[in-house]
Amino acid sequence: MKTIFAALTIALTLPGVSQAAEPKLEVTTLAENIYMLSGKGGGNIGVMTGPDGTFVIDDQLEKTVPVLLKTIEDLGGTTPPRFVLNTHYHRDHTGGNKVLQNKDTTIISQINTRKRLAKDTHIKAFNVTNKALPDNALPNVTFTKKMQFDLNGNRLDAIYFPRAHSDGDSVVYFRDANIVHTGDLFFNGMYPFIDVDNGGSILGLIAAVQKLIATTDENTKIIPGHGPLASRADLIAFQDMLTFSNASVIDLKKEGKTLEQALSLIHI
């Protein structure tokens with residue numbers, strides 16, 4: 001069943017995975033000093049500015065870093081960022097690490113994310129091998145379950161969600177502003193990619209989204225890993241889709257459908 005579900009989600013996600021484009025970041029203001037930056041080719045970025053220094057969630061692609069730094073400056077933030085937190089290991093969220101670490105930015109992640117970044121990782125679905133990052137691009141601060149920050153008038157909690165999109169996913173809550181960055185636990189308006197080769201699982205993702213729903217409210221502003229700014233209602237719709245898709249795959253498995261037969265039923 002895991003193989004069928006992975007193949008189905010890949011087939012539905014694949015057309016939008018690799019898009020060559022010049023770096024460009026669109027800014028969405030969420031609070032007085034908190035922003036979502038989005039652009040083709042990489043995951044959504046969270047930025048908080050203030051006197052304690054700039055805090056960034058995910059740094060997208062290496063080629064995006066100059067645009068990211070210029071955008072932070074335009075928002076009145078200090079560069080280089082004081083902190084960058086990687087929500088997971090995929091290169092569309094960690095590609096800027098090498099550049100930013102060399103600028104004396106402290107890079108933070110859950111311990112499993114660092115382990116993935118420190119070695120070659122292969123994703124069968126895309127037939128892609130990500131080479132290990134050099135030491136100067138690896139997170140230099142790690143945590144296991146939770147890490148708290150008190151910066152720029154906000155309390156931030158980075159919390160680990162096991163075996164969901166990967167085995168190293170973190171979510172960042174801006175407690176005072178009622179904003180959350182979900183990393184790739186949430187693809188808003190699209191099917192997710194689940195990295196089953198590197199610790200991800202559909203049941204883990206469903207459990208993670210259930211927890212996210214329980215820890216947000218109707219006023220929470222949600223930065224998804226991919227897609228437009230979201231609300232709790234969007235997150236609930238995503239959860240409904242995951243649950244329905246998983247149940248459908250179970251039914252296909254019970255009917256004895258092969259992977260090829262299951263894929264033939266997809267109409268994109």
Side-chain angles (χ1 to χ4, degrees), residues 25-39 42-60 64 68 71-79 81-88 92-94 96 105-110 113 143 145-161 164-165 169-190 192 205 208-239:
L25 294 173
E26 179 180 342
V27 177
T28 302
T29 301
L30 308 182
E32 184 178 354
N33 63 332
I34 303 173
Y35 310 89
M36 179 179 107
L37 311 184
S38 55
N44 290 327
I45 299 169
V47 172
M48 179 179 66
T49 62
D52 296 325
T54 302
F55 187 98
V56 172
I57 305 167
D58 288 341
D59 50 32
Q60 220 190 66
T64 309
L68 171 60
T71 302
I72 291 171
E73 291 173 356
D74 290 345
L75 294 171
T78 56
T79 58
R82 183 177 176 187
F83 299 108
V84 167
L85 188 143
N86 296 150
T87 60
H88 61 291
D92 59 332
H93 295 258
T94 62
T105 296
T106 297
I107 299 180
I108 304 158
S109 78
Q110 202 276 338
T113 290
F143 63 95
K145 294 183 179 180
K146 181 178 179 179
M147 191 168 184
Q148 181 176 320
F149 307 83
D150 289 284
L151 295 168
N152 301 319
N154 272 277
R155 174 186 158 192
L156 283 69
D157 289 327
I159 298 176
Y160 171 53
F161 285 68
H165 171 67
D169 300 297
S170 298
V171 166
V172 181
Y173 292 89
F174 295 81
R175 297 296 189 185
D176 299 284
N178 198 13
I179 295 166
V180 58
H181 192 308
T182 68
D184 276 3
L185 295 183
F186 181 22
F187 285 57
N188 187 21
M190 63 192 80
L205 184 60
V209 176
Q210 287 174 338
K211 185 174 181 180
L212 285 169
I213 292 169
T215 54
T216 55
D217 60 42
E218 63 275 11
N219 297 314
T220 306
K221 296 176 182 178
I222 302 173
I223 305 173
H226 297 270
L229 182 69
S231 66
R232 187 170 183 265
D234 297 318
L235 191 61
I236 292 171
F238 181 69
Q239 170 75 351

### Message
I need the single residue from L212, I213, V209 that forms a side chain to side chain contact (heavy atoms under 4.5 Å, CB included) with I236. Which is it?
### Response
I213
### Query
What distance separates N178 CG from D217 CG, expressed to the nearest 0.5 Å?
4.5 Å
### Message
If you apply the rule side-chain contact (heavy atoms from CB on, under 4.5 Å), what do you find for L85 with M147, and how did you get there?
### Response
CA-CA 11 Å; L85 188 143; M147 191 168 184; 5.9 Å; no
### Summary
The reported gap from CZ in F174 to CZ in F149 (rounded to nearest 0.5 angstrom) is 10.0 Å
#### Entry: Qualifying residue, where the test is side chain to side chain contact (heavy atoms under 4.5 Å, CB included) with I223 and the options are D58, L30, I57
L30
### Worked check of side-chain contact (heavy atoms from CB on, under 4.5 Å) between Y35 and T49
CA-CA 9 Å; Y35 310 89; T49 62; 4.1 Å; yes
#### Entry: Shortest non-hydrogen separation from I159 to R175 and the atoms involved
CD1-NH2, 3.6 Å
### Message
Is there a side-chain contact between D59 and I45 in this structure, where contact means two heavy atoms from C-beta onward sitting under 4.5 Å apart?
### Response
no
### Query
Closest approach of A164 and L185, non-hydrogen atoms and distance?
CB-CD2, 3.4 Å
### Summary
The reported gap from CD in E26 to CG in N44 (rounded to nearest 0.5 angstrom) is 9.5 Å
### Query
Any side-chain heavy-atom pair from D92 and H226 closer than 4.5 angstrom?
yes
### Query
Out of curiosity, T54 OG1 to M48 CE, how far, rounded to the nearest 0.5 Å?
8.5 Å
### Message
Does this structure show an ion pair linking D52 with R82, if we count only N-O contacts that are shorter than 4.0 Å?
### Response
no
### Task
Indicate the ring-plane relationship of F55 and F83, choosing parallel, tilted or perpendicular according to the 30° and 60° boundaries.
tilted
#### Entry: Modelled atom types, side-chain donor and acceptor of D74 and T71, under 3.5 Å
no
### Message
In terms of relative ring orientation, are H88 and H165 parallel, tilted or perpendicular, with 30° and 60° separating the classes?
### Response
perpendicular
### Task
Answer whether the closest heavy-atom distance between the side chains of L68 and Q60 falls below 4.5 Å.
no
#### Entry: Distance, nearest 0.5 Å, that separates CG of D234 from CG of N188
4.5 Å
### Task
Could you tell me the separation between the CG atom of D157 and the OG1 atom of T215, rounded to the nearest 0.5 Å?
10.5 Å
### Query
Regarding S170 and Q110, is there a side-chain donor-to-acceptor distance under 3.5 Å anywhere?
no
### Query
Will you find, in the side chains of N86 and T94, an N or O donor that is under 3.5 Å from an N or O acceptor?
no
### Task
Side-chain contact test, heavy atoms from C-beta onward, threshold under 4.5 Å: evaluate it for N33 versus N154 and give yes or no.
yes
### Task
Determine, step by step, whether T79 and E73 satisfy the side-chain contact (heavy atoms from CB on, under 4.5 Å) criterion, reporting the C-alpha distance in whole Å, the side-chain angles of both residues, the deciding distance to 0.1 Å, and the verdict.
CA-CA 7 Å; T79 58; E73 291 173 356; 2.9 Å; yes
### Query
Which heavy-atom pair separates P192 from L205 by the least distance, and what is that distance?
CG-CD2, 4.1 Å
### Task
For residues P224 and T182, report the shortest heavy-atom separation together with the two atoms involved.
CA-OG1, 3.5 Å
### Task
Can you label the angle between the F238 ring and the F186 ring as parallel, tilted or perpendicular, going by 30° and 60°?
tilted
### Query
How about Q148: does its CD atom have over 12 heavy atoms from other parts shown lying under 6.0 Å from it?
yes
### Query
Taking the side chain from R232 and the backbone from T216, do they hold a donor-acceptor pair closer than 3.5 Å?
yes
### Query
Where do P81 and I72 come nearest, in terms of heavy atoms and distance?
CG-CD1, 4.1 Å
### Message
What I'd like to find out is whether the side chain of K221 reaches to under 4.5 Å of the side chain of I34, using heavy atoms alone.
### Response
no
